[in-house]
Trainee: 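Sending over a structure as structure tokens; questions will come in a sec.
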Amino acid sequence: MSTRSLRLRRSVVSSLAFTLLLAGCGLKSETYESLSQGGGVAGGNGVGGDGLGNGTGTDPGTAPGTGTTGVTGPGGNGTVTGPGGNGTVNGPNGQPLPPGQQPPPGQQPPPSGGGAGRLPGATRIGVTDKQILIGIHAPLTGASPLPQASFERGAKNYWIGKKVFGREVVLHVMDDTYKPSGAIRACQELARTHYIVVGGAGTDQIQACARDRTLQRTNTPYISAGVTENGLAGIKTYFAASLTYREQAPLVVKMAQQQNYLKAGKWAVVTSDTPNFKDARDAMTSALKGAGVPFDVHLVPKAGSDSDALRLSNDLRGGRYPVVYFLGQPTFFLKVVRQTQSAVYKPIWTGVGVSMGVNTVAQVGCEGTRESGGYDGRFLSPYPGLDRAPKEFWDSDGGRANKDDIELTLWGFSEFLHKALLLTGGDLTRENFIYALERASITSGTFPAVKYTPTDHFGGTAAYMLQSDCSTGKYRTAGGPIS
């Protein structure tokens, strides 16, 4: 068995929850200038064949490529070169096609750019008579650990007894090492064997994969939780399955108004100092201005140190802010919460989802503030708390009592994927999936409704309100979904 196969088997379904838990976080990562608004990856690694075509190559990005990208069907050794590459287009048996002859369906290089029509081609990579393969990139290394058994149970339990057009849905997870470059490598590798790629593990990583030319050129559908909109608008293959940070800003104000803390005093708006959080920060400050709420902005490093946490904690205590909006790294957030609160200063911590609205954060936050009056976290989320989980979720797996919100995350996302796959009507090409999804409204049950158009792939429409309960160490559903 190949090393790649071993990696996939070892990580099956082990970290999809990072797609939702960490999607919103400015986690430690390398510089990201190469994926700014203007261009792709210059000289990145291309996708080879490996069972679906044995090509190797270079993503052309913003610089001329020198290789080729394999996207042939089963048994082929052919390659398809993107713009700037110097490769060849081969037939299904690995032989070069005669001049002027078109490759078979599913091997044509997709055009660049978007548009409202159906993408050309009939790419069935990742679909067999018995299975539909979905690939997920996530930080199996380099990230704070979460209960992996919950990930496995959540995905497995939803699909028990369910098939899509007579096929089993199989999820595989690949380590992205918590870096944009690692995410690109994982996404490119998954794209050559899997029907859909799902994004996780941080805004920078999601943006890297969504903007990757290989995924776009091979018409690979790429879905993630809503994060930044920076550089992601207009990408034909990318879909956000929940509200983006920018879209959630008015709902943070609405939640605060409904819960009577909007006008408690001057807010602190704390975000990681990264261009990918600028749209969220601008939207939040604009929403507060519109509501007549004063605020101060505090920028912090993406991978904040202990000294950074202490410095911010001193600033927050000095400002006596009754409400702190926070968008950043969860581990850094918890350090700040623990160091900030005291018997005389206990702010309300609030913000967008998904980042802090997970029971692991509530539990650690409550434990760290037990002597100072308890953690008061109020965050938006694309899924409710366990107190509002559907009956089918509780009844699955023999009605096991110790289910957690990580399982619920998987359950809800699997519901969404199920409905999305059914939109194809059984024509399981990547191009048809994209065409159908960008014209769809999906109400999956656990997550709020999602609505796409050919020109708007940011599909979120609403969010739930969560509030920490330190008597249980969990979040409870405080209301919603609100829109």
Side-chain angles (χ1 to χ4, degrees), residues 4 8 16 19 35 40-41 44-53 55 57-61 68-74 78-83 105-115 118-128 131-138 169-174 176 180 183-200 205-224 232 234-241 417 420-421 423-424 427-438 452 457:
R4 177 183 170 280
L8 283 174
L16 179 56
T19 303
L35 287 175
V41 178
N45 293 324
V47 176
D50 194 13
L52 294 172
T58 299
D59 188 313
T68 59
T69 301
V71 293
T72 60
T79 56
V80 176
T81 304
Q107 296 182 35
Q108 299 94 335
S112 61
R118 188 189 299 270
L119 289 167
T123 312
R124 301 181 186 276
I125 294 173
V127 177
T128 70
Q131 292 184 333
I132 300 171
L133 303 183
I134 296 175
I136 306 145
H137 71 88
V169 175
V170 180
L171 307 179
H172 292 140
V173 178
M174 180 170 285
D176 62 21
I184 290 173
R185 284 191 293 270
C187 285
Q188 290 180 346
E189 190 165 345
L190 290 168
R192 74 180 171 208
T193 52
H194 289 68
Y195 183 54
I196 297 167
V197 177
V198 174
Q205 286 87 313
I206 287 173
Q207 192 195 50
C209 282
R211 290 177 58 84
D212 181 65
R213 301 292 182 85
T214 298
L215 269 68
Q216 295 179 48
R217 195 168 54 240
T218 56
N219 291 343
T220 305
Y222 180 71
I223 305 172
S224 78
L232 299 183
I235 296 178
K236 189 75 171 177
T237 51
Y238 173 69
F239 295 86
L417 288 175
L421 289 168
L423 294 171
T424 65
D427 182 8
L428 291 169
T429 68
R430 287 176 172 176
E431 295 77 12
N432 189 49
F433 179 88
I434 291 170
Y435 182 85
L437 187 57
E438 68 180 4
Y452 300 109
H457 288 190

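Both backbone and side-chain heavy atoms feed into the values below; hydrogens, waters and symmetry mates do not. Numbers for residues simply follow the sequence, beginning at 1.
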Trainee: Which atoms form the tightest heavy-atom contact between C209 and A183, and what is the distance?
Mentor: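 Heavy atoms of C209 and A183 come nearest at SG-O, 3.1 Å.
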
Trainee: Can you name the nearest heavy-atom pair linking I134 to L421, along with the distance?
Mentor: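 Heavy atoms of I134 and L421 come nearest at CD1-CD1, 4.5 Å.
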
Trainee: State whether the side chain of N432 and the backbone N or O of T424 hold a donor-acceptor pair below 3.5 Å, judged by distance alone.
Mentor: yes

Trainee: Which atoms form the tightest heavy-atom contact between T214 and T218, and what is the distance?
Mentor: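 Shortest heavy-atom separation between T214 and T218 comes out as O-OG1, 2.7 Å.
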
Trainee: Check whether R124 reaches the backbone of R430 with its side chain - one donor and one acceptor, N or O, closer than 3.5 Å.
Mentor: no

Trainee: Would I223 and I196 satisfy side chain to side chain contact (heavy atoms under 4.5 Å, CB included), going step by step from the backbone distance to the final call?
Mentor: CA-CA 8 Å; I223 305 172; I196 297 167; 4.1 Å; yes

Trainee: Mind checking whether R192 and L190 have side chains closer than 4.5 Å, heavy atoms only?
Mentor: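 A side-chain contact under 4.5 Å is absent here.
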
Trainee: Does any N or O in the side chain of Y452 come within less than 3.5 Å of the main-chain N or O of A240, such that one atom is a donor and the other an acceptor?
Mentor: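 Judged by distance alone, yes, a pair lies under 3.5 Å.
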
Trainee: Quick one: do L423 and F433 satisfy side chain to side chain contact (heavy atoms under 4.5 Å, CB included)? Show the steps, please.
Mentor: CA-CA 7 Å; L423 294 171; F433 179 88; over 6 Å; no

Trainee: Could you walk me through whether H137 and Q205 pass the side chain to side chain contact (heavy atoms under 4.5 Å, CB included) test, one step at a time?
Mentor: CA-CA 9 Å; H137 71 88; Q205 286 87 313; 4.2 Å; yes

Trainee: Please find out if less than 6.0 Å separates the ring center of Y238 from that of H457.
Mentor: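 Not close enough - the centres of the two rings lie 6.0 Å or further apart.
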
Trainee: Are the side chains of I434 and L119 in touch, meaning some heavy atoms are under 4.5 Å apart?
Mentor: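 Yes, side chains in contact.
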
Trainee: Under a 4.5 Å cut-off applied to non-hydrogen side-chain atoms, are I136 and M174 in contact?
Mentor: no

Trainee: If you look at every heavy atom in G199 and S224, which pair is closest and at what distance?
Mentor: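 Reported closest heavy-atom pair: O-CB, 3.9 Å.
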
Trainee: Are any non-hydrogen side-chain atoms of L428 and I132 less than 4.5 angstrom apart?
Mentor: yes

Trainee: Quick check for you: to the nearest 0.5 Å, what is the distance between H194 atom NE2 and T220 atom OG1?
Mentor: 11.5 Å

Trainee: Salt-bridged, D212 to R185, with N to O below 4.0 Å?
Mentor: no

Trainee: Check step by step if side chain to side chain contact (heavy atoms under 4.5 Å, CB included) holds for I235 and Y222.
Mentor: CA-CA 10 Å; I235 296 178; Y222 180 71; over 6 Å; no

Trainee: With the side chain counted from C-beta on, respond yes when Y195 and I125 share a heavy-atom pair under 4.5 Å apart, and no when they do not.
Mentor: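 In short, these two side chains do not touch, never coming nearer than 4.5 Å.
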
Trainee: Pair N219, E431 - check side-chain hydrogen bond (donor to acceptor under 3.5 Å, both in side chains), show working.
Mentor: CA-CA 6 Å; N219 291 343; E431 295 77 12; 2.9 Å; yes

Trainee: Do you know the tightest heavy-atom contact between A420 and L437?
Mentor: CB-CD1, 4.2 Å

Trainee: Measuring from atom CD1 of I206 to atom CZ of R211, what distance do you get when rounded to the nearest 0.5 angstrom?
Mentor: 14.5 Å

